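Please read these numbers as outputs of a predicted model, since none were measured by experiment.
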Amino acid sequence: MARAGGQCEMEAGFRRRCSRPAEHGDHFYPWSKGGSTSLQNFVAACARCNRAKSARIPSPGQQERMERRRREYVTQTGSIGVGERQPLP
């Protein structure tokens, strides 16, 4: 949550960052679909965006746009990467 500055990281209209406060931690790549529980796969989300995303797998374009937006608010030492799957058994 600190990395996101307390603001939702999800995409709002016109491919902009949502302006609502973050209330939830979301698995960017859904846990139910093999997403890992890791900092790289963690996304701060408001309740509305978290419910709207549900367990959908984001498109490669959504992932690219999130990483591009993160460059604006994540420090140089922080990771902007998003999405990570669990290793296959």
Can you tell me if Asp26 uses its side chain to pair, donor with acceptor, with the backbone of Ala45 under 3.5 Å? no
For the pair Gln7 (side chain) and Pro21 (backbone), establish whether a donor and an acceptor sit closer than 3.5 Å, ignoring hydrogens and angles. no
Side chain to side chain contact (heavy atoms under 4.5 Å, CB included) assessment of Cys46 paired with Cys18: CA-CA 8 Å; Cys46 68; Cys18 177; 3.9 Å; yes
Could you measure the distance from the [atom1] atom of [X] to the [atom2] atom of [Y]? Nearest 0.5 Å is fine.
{"X": "His27", "Y": "Ile57", "atom1": "NE2", "atom2": "CD1", "result": "13.5 Å"}
{"X": "Arg16", "Y": "Arg65", "atom1": "CZ", "atom2": "CZ", "result": "13.0 Å"}
{"X": "Phe42", "Y": "Arg3", "atom1": "CZ", "atom2": "CZ", "result": "7.0 Å"}
{"X": "Met66", "Y": "Arg15", "atom1": "CE", "atom2": "CZ", "result": "13.5 Å"}
{"X": "Gln40", "Y": "Phe28", "atom1": "CD", "atom2": "CZ", "result": "10.5 Å"}
{"X": "Cys49", "Y": "His24", "atom1": "SG", "atom2": "NE2", "result": "10.5 Å"}

Begin from the C-alpha positions of Arg71 and Glu67 and carry the test salt bridge (charged side-chain N to carboxylate O under 4.0 Å, His left out) through to its verdict. CA-CA 7 Å; Arg71 286 187 186 106; Glu67 289 172 350; 5.8 Å; no
How about Pro30 and Lys53: do any of their side-chain heavy atoms sit closer than 4.5 Å? yes
Any side-chain heavy-atom pair of Arg20 and Arg48 under 4.5 Å: yes
Decide side chain to side chain donor-acceptor pair (under 3.5 Å) for Tyr29 and Gln63; before the verdict, give the C-alpha distance in whole Å, the side-chain angles of both, and the deciding distance to 0.1 Å. CA-CA 9 Å; Tyr29 193 94; Gln63 183 173 353; over 6 Å; no
Within the 3.5 Å criterion, strictly below it, is a donor on Tyr73 or Glu9 matched to an acceptor on the partner's side chain? yes
In sequence, state the C-alpha distance, the side-chain angles, and the governing distance for Val43 and Val82, and then conclude on side chain to side chain contact (heavy atoms under 4.5 Å, CB included). CA-CA 8 Å; Val43 177; Val82 66; 3.8 Å; yes
Should we count CZ of Arg17 as having more than 12 external heavy atoms under 6.0 Å? yes
